[in-house]
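To keep things clear, I will list the structure first and then write my remarks on it.
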Amino acid sequence: MTAPRLRFAPSPTGYLHVGGARTALFNWFFAKRTRGTLILRIEDTDQARSTEAHTQVILDGLTWLGVTWDEGPYFQGADGARHRADAHRLLKDGKAYRCFCSKTELDAQRQAAPGGAETYRYDRRCYRLAAEEIEHRIAAGAPFVVRFLMPDEAITWDDAIHGPITFQGRDLDDLVILRSDGTPIYNLAVVSDDIAMRITHVVRGDDHISNTPKQIALYAALGAPRPIFGHVPMILGPDGKKLSKRHGATAVGDYQIQGILPAAMRNFLALLGWSPGDDREIMTDAELVAAFSLEAVQKKPAVFDLTKLEWMNGQYLSALPAESIEALVAGHLAALGVLPGGQDIRPAIDAVKSRARTLIQLAERVSVRLDPARATLEPKGEALIKKMGSAYAENLRHAIRALEPIPDPEWHPDPILEAIKRGADAAGIKLGDAMQPIRVALTGDTVSEPVNELLAAVGKAVSLARLATVAAAG
RNA sequence: GGCCCCAUCGUCUAACGGUUAGGACACCACUCUUUCAAGGUGGUAACACGGGUUCGAUUCCCGUUGGGGCUACCA
């Protein structure tokens, strides 16, 4: 058997949606797994909605995700001549016909249909036109579209994900394959391209299931062998509806901005609608590729669980050495307006990386160390003060008294911890009640590295000044 | 409306006729750390419903219900 040839074929009419990203990923896994070829094809036959900017965003999204392709990107719009040639071949073979009905005539026919516009199917009136009448209209320059003559027969295929699916040709319309301006319609362009590119496996979204019988009929009419089809289910929002903008972030670029690592995104997306069959969850690309199969892809749509994505990202973050995420963290710090200015941020990253789920969170926790002035109690002041306990101002003053005597050269984690313990004992309070107010005062957050290490890193003068300010405010 | 697809914890999933229906996220305890997380241990929580087939159905078949997709001179 020859090596499989696959394609990922987004249309540049929007951003790279997570659903599309997952489809691309599944294609990539399959191609890698079978040592096949993955082709990127931009479906830009809809000139009105396609833009170069969208194409670039899709390319960037794929690149960020780490999905690589072996051929392309090819642009479908560049192959109009071949699409037209295929359409005319069908015309010549009597497998397609010219339709002179205008859009307004069609609308009128739809309205007049017995069961209403919903049940309307083209009545083939132009197919029944006499040859001389057709010649006459062409000669008169009447505009026409080319319609495919849908055969009246059962169309069946064995879907790699869904199993056998059957449609009846009579339920399908005679679809337009060439517009009146001579440009091809999606279904023709796809089939024409997939034949020309010798595609063996079409792995795409579930929403194309009902296009598949039309395309299979086109393959047959063009005398070409059809590929194996596999239809990946959609991704839903938390409310069970199709994932869309109103659910928040749906473009892969959004997750890049939020500080999700590409590897975590790949791992998460892979597990959305697919599983290796055992209990593994955190998996490397190599493991994913080795375990992947279309048969194991779920048939039902999956709800996108942001919380689990963030958990998984946190797993990657804490497992990675500081130097490998240093540059990314620096980028997010810059976005926060904090410049390390030559400081080594790696110790700070190591101190908080297991306490963050996104790079943004990680950068925020690093930033308060670099610039303690950022440690504001706003905007969640109420909640933070509650966490510190009602006596927090008093407890902060205990802490200040305990810490002040430490000489500068001894301002290190261990002596600091000892001093806080002694102070807590003297004041008759629990260590936690002594620690948490300090943490909140210094970071504006309830989560940070151990308080004594934090104090040591921030420095004595800055720490005490900050504690005094918060204590005074309380 | 017509055609097609789908249905296990709240969510992601395992199970391919016989299991105390397993794992993960989230949640709740406990634990470790005289501090926050992370980690560890445990817990709550599911086979949509009704008929068949079978010695036996979450699993196979049919129906119901409920979701979803398509039904363009969009992709």
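None of these values were measured; they are calculated from a predicted model. A note on names: the letters A, B, ... follow the listed sequences, proteins ahead of strands, and every chain is numbered from 1. Just the heavy atoms: all of them, side chains too, but no hydrogens, waters or symmetry mates, feed the values below.
Nucleotide rA15(B) has no partner under the Watson-Crick or G-U criteria, as no pair reaches both atom distances under 3.5 Å. Across all strands shown, rG66(B) pairs with rC6(B); the Watson-Crick or G-U wobble distances both stay below 3.5 Å. rC74(B): no Watson-Crick or G-U partner with both key distances under 3.5 Å is found in any strand. Pairing for rA37(B) is absent, judged as Watson-Crick or G-U wobble with the two contacts each under 3.5 Å. rC60(B) is paired with rG52(B) under the criterion used here, namely a Watson-Crick or G-U wobble arrangement in which both key atom distances are under 3.5 Å. Across all strands shown, rA21(B) forms no Watson-Crick or G-U wobble pair with both distances under 3.5 Å.
Comparing the same atom, P, in rC70(B) and in rC16(B) gives a spacing of 35 Å after rounding to whole Å. Taking atom C1' in both rG51(B) and rA57(B), the straight-line distance is 13 Å, to the nearest Å. On the C1' atoms, rC27(B) is 16 Å away from rC12(B), given to the nearest whole Å. Spacing between rC60(B) and rA14(B) at atom P, rounded to whole Å, works out to 14 Å. When the P atom is used for both rC55(B) and rA45(B), the distance is 35 Å, rounded to whole Å. Taking atom C1' in both rA15(B) and rG23(B), the straight-line distance is 12 Å, to the nearest Å. Taking atom C1' in both rU44(B) and rA29(B), the straight-line distance is 10 Å, to the nearest Å. If you take atom P in rC25(B) and the same atom in rU41(B), they sit 11 Å apart, rounded to whole Å.
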Under 3.5 Å, which protein N or O atoms sit close to an N or O of nucleotides 73-75 of chain B? Give each pair with its distance.
| unit_1 | atom_1 | unit_2 | atom_2 | d |
| --- | --- | --- | --- | --- |
| rC73(B) | O2 | Ser180(A) | N | 3.0 |
| rC73(B) | O2 | Ser180(A) | OG | 3.1 |
| rC73(B) | N3 | Ser180(A) | OG | 3.0 |
| rC74(B) | OP1 | Arg179(A) | NE | 3.2 |
| rC74(B) | OP2 | Arg179(A) | NE | 2.4 |
| rC74(B) | OP2 | Arg179(A) | NH2 | 2.8 |
| rC74(B) | O3' | Arg179(A) | NH2 | 3.2 |
| rC74(B) | O2' | Asp46(A) | OD2 | 2.3 |
| rC74(B) | O2' | Arg49(A) | NH2 | 3.1 |
| rC74(B) | O2 | Arg49(A) | NH2 | 2.9 |
| rA75(B) | OP1 | Thr45(A) | OG1 | 2.9 |
| rA75(B) | OP1 | Arg179(A) | NH2 | 2.8 |
| rA75(B) | OP2 | Tyr186(A) | N | 2.8 |
| rA75(B) | O3' | Glu43(A) | O | 3.2 |
| rA75(B) | O2' | Ser11(A) | OG | 2.7 |
| rA75(B) | N6 | Asn211(A) | OD1 | 3.1 |
| rA75(B) | N6 | Asn211(A) | ND2 | 2.9 |
| rA75(B) | N1 | Asn211(A) | ND2 | 3.2 |

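A donor atom on one side chain and an acceptor atom on the other are found under 3.5 Å apart for His162(A) and Asp206(A). Between Gln215(A) and Asn187(A), the side chains place a donor N or O and an acceptor N or O closer than 3.5 Å (distance only, hydrogens not considered). The closest side-chain donor-acceptor pair between Arg204(A) and Thr212(A) falls under 3.5 angstrom. Under the 3.5 Å distance criterion, with hydrogens and angles disregarded, no donor-acceptor pair is assigned to the side chains of Asn313(A) and Trp311(A). When only modelled atom types and interatomic distance are considered, Ser354(A) and Ser318(A) share no side-chain donor-acceptor pair under 3.5 Å. Checked by atom type, the side-chain pair Asp193(A)/Tyr74(A) shows no donor-acceptor distance below 3.5 Å. A donor-acceptor contact under 3.5 angstrom links the side chains of Thr183(A) and Arg179(A), judged on distance only.
Among the protein residues, Gly314(A) comes within range of no part of the nucleic acid, since none of its heavy atoms lies under 4.0 Å from any strand. Residue-level contact check: Val303(A) touches the backbone only, with heavy atoms under 4.0 Å from sugar-phosphate atoms and none from bases. Heavy atoms of Lys430(A) sit nowhere under 4.0 angstrom from any nucleic acid atom. Backbone-only contact: Lys299(A) has heavy atoms under 4.0 Å from sugar-phosphate atoms and none from a base. Looking at heavy-atom distances under 4.0 Å, Gln168(A) makes no contact with the nucleic acid at all. Looking at heavy-atom distances under 4.0 Å, Thr166(A) makes contact with sugar-phosphate atoms alone, never a base.
Ser275(A) places no side-chain N or O within 3.5 Å of a backbone atom of Leu271(A) that could act as its donor or acceptor partner.
Side-chain contact check for Val203(A) versus Phe229(A): every heavy-atom pair is 4.5 Å or farther apart. Annotation: side chain of Val458(A) is not in contact with side chain of Val368(A) (no heavy-atom distance under 4.5 Å).
Rounded to whole Å, atom C1' of rU33(B) lies 10 Å from atom NZ of Lys421(A). The CZ atom of Arg422(A) sits 17 Å away from the P atom of rU35(B) (whole-angstrom rounding). Distance, Phe304(A) CZ to rG10(B) C1': 17 Å, rounded to whole Å. Per the geometry, CG belonging to Asp445(A) stands 14 Å off C1' belonging to rU35(B), to the nearest Å. Rounded to whole Å, atom C1' of rG66(B) lies 11 Å from atom NZ of Lys241(A). Taking atom CD1 of residue Ile209(A) and atom P of nucleotide rC5(B), one finds them 8 Å apart after rounding to whole Å. rA14(B) atom P lies 12 Å from atom CG of Leu272(A), rounded to whole Å. The nearest whole Å value for the distance from the NZ atom in Lys353(A) to the C1' atom in rC36(B) is 18 Å.
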Which letter, B, S or -, goes with each nucleotide of nucleotides 19-32 of chain B from 5' to 3', with contact meaning a protein heavy atom under 4.0 Å?
---BBBSS------
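Nearest to the side-chain atoms of Ser275(A) among the listed nucleotides rG69(B), rU13(B), rC5(B) stands rU13(B). The side chain of Met234(A) lies closest to rG69(B) when the candidates are rG69(B), rU13(B), rU35(B). Between rU35(B), rG69(B), rC5(B), one nucleotide has an atom nearer to the side chain of Lys242(A) than all others, and that is rG69(B). Ranking rA37(B), rU35(B), rC3(B) by closeness to the Gln436(A) side chain, first place goes to rU35(B).
For the OP1/OP2 pair of rA14(B) and a distance below 4.0 Å, the side-chain nitrogens and oxygens of Gln298(A) include at least one atom meeting the criterion.
Heavy-atom nearest nucleotides on RNA chain B were determined for Arg121(A) and for Gly273(A), and the one closer to the 5' end corresponds to Arg121(A). Toward the 5' end of RNA chain B, the nearer of the two residues Ser354(A) and Arg22(A), judged by each one's closest nucleotide, is Arg22(A).
Residue Glu295(A) qualifies as enclosed at atom CD: its count of foreign heavy atoms under 6.0 Å is above 12.
Classified by interplanar angle (parallel below 30°, tilted 30° to 60°, perpendicular above 60°), the ring pair Phe29(A)/Trp274(A) is tilted.
We find that Asp173(A) and Arg121(A) are not joined by a salt bridge, their nearest charged nitrogen and carboxylate oxygen being 4.0 Å or further apart.
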